[in-house]
Amino acid sequence: MPYVTVGKENSGDIDIYYEDFGAGQPIVLIHGFPLSGHSWEKQVAVLLDKGYRVITYDRRGFGNSSQPSFGYDYDTFAEDLNTLIAKLDLRDVVLVGFSMGTGEVTRYLGKYGSGRVSKAVLMAPVPPFLLKTDDNPEGVDRSVFDGIMKSIVEDRPAYLSAFLKDFYNVDVLLGDSRSERLRQRISNDAIQMSWNVAAGASAKGTLDCVPSWLTDFRDDLPRIDVPTLIIHGDGDRILPFESTAKKLPQLIKDSRLVVIPGGPHAINWTHADQVNPVLLDFLKGN
């Protein structure tokens with residue numbers, strides 16, 4: 001399996017696992033919390049079929065990457081991404097982030113610039129700034145994040161089960177009767193698969209990612225100087241539309257916002273039939 005080394009902790013290397021398939025213009029897909037690069041499976045096959053080179057990787061602490069005890073902040077995440085891009089010598093690359101992955105895209109472009117990047121996609125984004133403050137009244141109260149951390153410490157597996165229910169809007173999109181199953185957008189099997197991946201992640205990394213969600217990206221966003229697609233579901237219970245995507249068109253110069261009606265947080269899975277055509281259209285330059 002291919003890895004890139006991004007640091008050391010004591011006697012061990014910190015390695016980032018990645019997959020690199022196909023040929024053509026490179027697309028880097030950056031996954032969300034608490035999953036792995038394999039969560040992009042509904043996009044990878046479509047992109048390969050359209051002639052793109054597709055790179056996915058697992059954030060430190062998740063999937064097949066190393067699980068160090070530190071580095072769960074966006075400066076480090078962006079540095080890991082930069083190391084991968086440099087190792088593969090990617091150019092004219094499109095950075096596609098989902099959820100937490102949108103933070104990597106934003107901080108990377110804010111810190112390293114767009115010399116190697118031609119376009120960006122922010123799907124169910126974290127930016128601009130989630131925390132409710134005097135100058136950000138639409139944000140989320142800090143007590144919510146304190147409660148999440150408390151739940152993770154007390155019973156991480158139970159927290160993950162509850163989180164995934166809102167991640168996929170299970171009460172709406174999982175059908176129980178036969179007629180509902182014909183219209184369902186998420187299955188119990190897919191939820192179990194996600195839980196298995198999440199449960200295998202670093203316990204400390206899972207906890208330490210929560211404060212990273214409070215990163216203020218407002219200084220990074222004006223530095224994004226490539227065409228940017230923003231996609232968000234109006235049923236997102238994890239990252240509220242009003243606090244995130246709705247604000248971004250005013251903060252990113254060359255950007256376009258697409259709202260997926262009824263879409264939960266995990267729109268790349270549940271609404272791939274709507275997300276993928278929008279993504280492909282953007283990649284083609286339309």
[X] bridged to [Y] by N-O distance under 4.0 Å:
| X | Y | result |
| --- | --- | --- |
| Lys246 | Glu138 | no |
| Arg53 | Asp20 | yes |
| Arg107 | Asp75 | yes |
| Asp273 | Arg185 | yes |

Would you say [Y] and [X] are linked by a side-chain donor-acceptor pair, where the criterion is simply a distance under 3.5 Å?
| X | Y | value |
| --- | --- | --- |
| Tyr159 | Thr206 | no |
| Asn136 | Lys247 | yes |
| Gln192 | Asn188 | no |
| Ser66 | Glu9 | no |
| Ser161 | Trp195 | yes |
| Asp220 | Thr106 | no |

Practice problem: With side-chain contact (heavy atoms from CB on, under 4.5 Å) as the test, would you mind laying out the steps for Asp135 and Arg218 before giving the verdict? | Solution: CA-CA 11 Å; Asp135 66 345; Arg218 290 178 293 183; 3.3 Å; yes

If you take all heavy atoms of [X] and [Y], which pair is closest and at what distance?
| X | Y | answer |
| --- | --- | --- |
| Pro127 | Thr102 | CD-OG1, 3.2 Å |
| Ile230 | Ala245 | CG2-CB, 3.9 Å |
| Met100 | Phe77 | CE-CE1, 3.5 Å |
| Arg116 | Leu90 | NH1-O, 2.9 Å |
| Arg60 | Gly71 | CD-O, 3.3 Å |
| Ala272 | Gln43 | CB-NE2, 3.9 Å |

What I'd like to find out is whether the side chain of [X] reaches to under 4.5 Å of the side chain of [Y], using heavy atoms alone.
| X | Y | value |
| --- | --- | --- |
| Asp234 | Phe241 | no |
| Val54 | Trp40 | no |
| Leu35 | Ser194 | yes |
| Pro211 | Tyr72 | no |
| Met193 | His38 | no |
| Met149 | Leu207 | yes |
| Leu257 | Leu248 | no |
| Leu47 | Leu283 | yes |

Donor-acceptor pair, [X] side chain versus [Y] backbone, under 3.5 Å?
| X | Y | value |
| --- | --- | --- |
| Thr215 | Phe217 | no |
| Asp13 | Asp15 | no |
| Asp92 | Gln25 | no |
| Thr244 | Pro240 | yes |
| Lys253 | Pro222 | yes |
| Asn169 | Gly235 | yes |
| Gln67 | Gly200 | yes |

Self-check item: Parallel, tilted or perpendicular: ring planes of His265 versus Phe98, cut at 30 and 60 degrees
Solution: tilted

Which value, rounded to the nearest 0.5 Å, describes the distance between [X] atom [atom1] and [Y] atom [atom2]?
| X | Y | atom1 | atom2 | value |
| --- | --- | --- | --- | --- |
| Leu164 | Ile238 | CG | CD1 | 8.5 Å |
| Gln250 | Ser255 | CD | OG | 8.0 Å |
| Ile14 | Thr76 | CD1 | OG1 | 9.0 Å |
| Tyr112 | Ile85 | OH | CD1 | 10.0 Å |
| Leu131 | Ser243 | CG | OG | 10.5 Å |
| Asp58 | Tyr3 | CG | OH | 8.5 Å |

Exercise. Among residues two or more places apart or on two chains, list those pairs meeting salt bridge (Lys or Arg N to Asp or Glu O under 4.0 Å) that have a residue in residues 21-41.
Key: none

Practice problem: Go through the steps for Trp269 and Ile186 under the test side-chain contact (heavy atoms from CB on, under 4.5 Å), then give the verdict. | Solution: CA-CA 8 Å; Trp269 184 279; Ile186 187 66; 3.6 Å; yes

Exercise. Count the heavy atoms of every other residue, nucleotide or ligand shown that sit under 6.0 Å from NZ of Lys165, and state whether that count exceeds 12.
Key: no

Quiz item: Crowded around Arg237 CZ? As in, over 12 foreign heavy atoms under 6.0 Å?
Solution: yes

Exercise. Test Ile260 against Ile231 for side-chain contact (heavy atoms from CB on, under 4.5 Å), laying out the working first.
Key: CA-CA 7 Å; Ile260 304 297; Ile231 313 176; 3.8 Å; yes

Exercise. Check step by step if side-chain contact (heavy atoms from CB on, under 4.5 Å) holds for Val140 and Trp213.
Key: CA-CA 11 Å; Val140 180; Trp213 303 343; over 6 Å; no

Practice problem: For a side-chain contact (heavy atoms from CB on, under 4.5 Å) with Leu95, tell me which candidate from Val105, Thr228, Val226 qualifies. | Solution: Val105

